[in-house]
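Reading through the structure tokens given below for one structure.
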Amino acid sequence: MKIVLLGPPGAGKGTQAEMLVKKLFLPHISTGDMFRAAIAAGTDLAMEAKSYMDKGQLVPDALTIGIIRDRIAQPDCREGFLLDGFPRTLAQAEALDQMLADMDTELDAVLNISVPLDNLVTRLTGRRMCRQCGNIYHMTYNPPKDENTCDSCNGELYQRSDDKEETVKNRLTVYENQTAPLIEYYTNTGKLKTVDGDQAIGKVLVDLGAALGQNWA
Ligand code: ADP
Ligand code: ADP
Ligand code: ZN
């Protein structure tokens, strides 16, 4: 299956993606994770990406599309993949459709996780990530047993620099202007399925499964 997870920053894409890929045996492709890994490795390309990420802006399409083009050409993507955080602009969505058409295939579903704007700031400012395994926590909604330590690998938890309140507000505006139009784009292709993301994490997963024809209840 070839799936896109759509939704504003903080909707729960990363949280759900971790669980979905285990159930569906798909590679998890997150452009945000790929950029953060590249930054940690200190490549030149990543340094360019970082300047945009720190301001809460999108990394330019050419760079982002190139990274996805290389990734989905890998052998582990032949049977499918879960894209998390890509596409985020109309140009990216059109490029993805073209890449897949060139491979004689297409997306199976676009899962849109919908969460009221008012909840997103709290979700993002309370988010903590594991430096070692990338697990996602929330200090109130999904707290780790120890506030500094990952439950699953004992790695150190940190707050992303772009999860500060000023940057978060910018990212939500960028979402409204540049990414929200994809809802209409994918509605028109008949692939969009919207799930209520303002529910317990486990319930959102059940609803996402149902949207894919799976019974995980
Ligand atoms: P995204 O990848 O869409 O930006 P995340 O999966 O990183 O979103 O989730 C953002 C924050 O919200 C994290 O701190 C996460 O623990 C928390 N979160 C995710 N899903 C839910 C939910 N259903 N209810 C409450 N908090 C959630
Ligand atoms: P979130 O889901 O919390 O917004 P991500 O980890 O998906 O965070 O993305 C972090 C940052 O990485 C974005 O704010 C943006 O700067 C950059 N980024 C990630 N995906 C894309 C994309 N598809 N196009 C452009 N920039 C991206
Ligand atoms: Zn961890």
Side-chain angles (χ1 to χ4, degrees), residues 4-20 28-39 46 48-68 71 82-93 95-96 111-116 119-144 146 148-163 167-168 170-175 178-179 182 195-208:
V4 164
L5 272 188
L6 199 63
K13 299 182 298 297
T15 301
Q16 296 298 328
E18 283 175 10
M19 298 184 287
L20 285 169
H28 175 194
I29 304 180
S30 155
T31 35
D33 286 349
M34 290 165 86
F35 287 136
R36 280 185 291 277
I39 289 166
E48 191 194 340
K50 186 176 179 351
S51 64
Y52 295 95
M53 292 168 78
D54 284 345
K55 287 181 242 157
Q57 294 169 0
L58 294 182
V59 176
D61 283 335
L63 186 58
T64 309
I65 291 167
I67 283 174
I68 287 294
R71 182 65 189 88
L82 180 75
L83 287 173
D84 160 11
F86 182 94
R88 266 172 142 105
T89 64
L90 278 173
Q92 291 178 15
L96 176 63
L111 303 174
N112 177 38
I113 307 180
S114 162
V115 173
N119 302 358
L120 296 173
V121 176
T122 325
R123 282 206 189 182
L124 290 165
T125 53
R127 173 161 63 185
R128 296 293 182 277
M129 310 262 286
C130 174
R131 227 179 257 290
Q132 204 157 283
C133 75
N135 258 15
I136 303 164
Y137 298 90
H138 191 281
M139 295 320 283
T140 311
Y141 306 136
N142 185 23
D146 174 291
N148 299 311
T149 315
C150 175
D151 289 353
S152 61
C153 81
N154 283 324
E156 180 206 359
L157 300 186
Y158 75 105
Q159 179 172 39
R160 274 168 47 180
S161 58
D162 59 345
D163 278 345
T167 319
V168 158
N170 224 351
R171 286 160 61 204
L172 295 174
T173 309
V174 166
Y175 167 80
Q178 301 195 60
T179 309
L182 295 184
V195 162
D196 179 6
D198 189 15
Q199 316 180 75
I201 290 173
K203 180 63 170 61
V204 177
L205 181 66
V206 168
D207 287 1
L208 289 169

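Just follow the structure's listing: the first ligand is 1, and inside any ligand the first atom is 1. The shown structure was predicted, so the numbers you read here are calculated from the model rather than taken from an experiment. When reading the values below, keep in mind they use all heavy atoms of this one structure, side chains included, and skip hydrogens, waters and symmetry mates.
Counting protein heavy atoms only, atom 22 (C) of ligand 2 is closest to R88 CD, 3.4 Å. Of the protein's non-hydrogen atoms, R160 NH2, 3.0 Å is the one closest to atom 8 (O) of ligand 2. The nearest protein atom to atom 2 (O) of ligand 2, hydrogens excluded, is given as K13 NZ, 3.4 Å; this is a heavy-atom distance. Scanning the protein for heavy atoms near atom 17 (C) of ligand 1, the closest one is H138 CB, 4.1 Å. Shortest contact from atom 19 (C) of ligand 1 to any protein heavy atom: T15 OG1, 3.6 Å. Protein heavy atom at the shortest distance from atom 27 (C) of ligand 2 is F35 CE1, 3.8 Å. Ranking the protein heavy atoms by distance from atom 4 (O) of ligand 1 puts G10 N, 2.8 Å first. Protein heavy atom in closest approach to atom 23 (N) of ligand 1: Q199 O, 2.8 Å. Protein heavy atom in closest approach to atom 7 (O) of ligand 1: R127 NH1, 2.6 Å. Looking only at protein heavy atoms, the nearest one to atom 12 (O) of ligand 1 is R123 CD, 3.4 Å. Nearest to atom 14 (O) of ligand 1 among the protein's heavy atoms is Y137 O, 2.8 Å.
For R171, a nitrogen or oxygen atom sits less than 3.5 Å from a nitrogen or oxygen atom of ligand 2, counting backbone and side chain alike. For ligand 1, the polar-atom distance check against Q16 finds no nitrogen or oxygen pair separated by under 3.5 Å. Taking distance alone, with nitrogen or oxygen atoms compared against 3.5 Å, A200 stays at or beyond that limit from ligand 1. Between D84 and ligand 1, not a single N/O pair is under 3.5 Å apart. For a threshold of 3.5 Å applied to N or O pairs, the pair formed by Y141 and ligand 1 contains no separation below that value. Annotation: P9 places no N or O atom under 3.5 Å from an N or O atom of ligand 1; distance criterion only. At a 3.5 angstrom cut-off on N or O pairs, G12 counts as close to ligand 1.
Within the listing of ligand 1, atoms 3 (O) sit less than 4.0 angstrom from a heavy atom of P8. Which parts of ligand 1 touch G14 is read off a 4.0 Å heavy-atom cut-off, strictly below it: atoms 1 (P), 2 (O), 6 (O).
Heavy atoms of R128 found under 4.0 angstrom from ligand 1: none, in either backbone or side chain.
In this structure, D162 does not pair ionically with K50, as no charged nitrogen and carboxylate oxygen lie closer than 4.0 Å.
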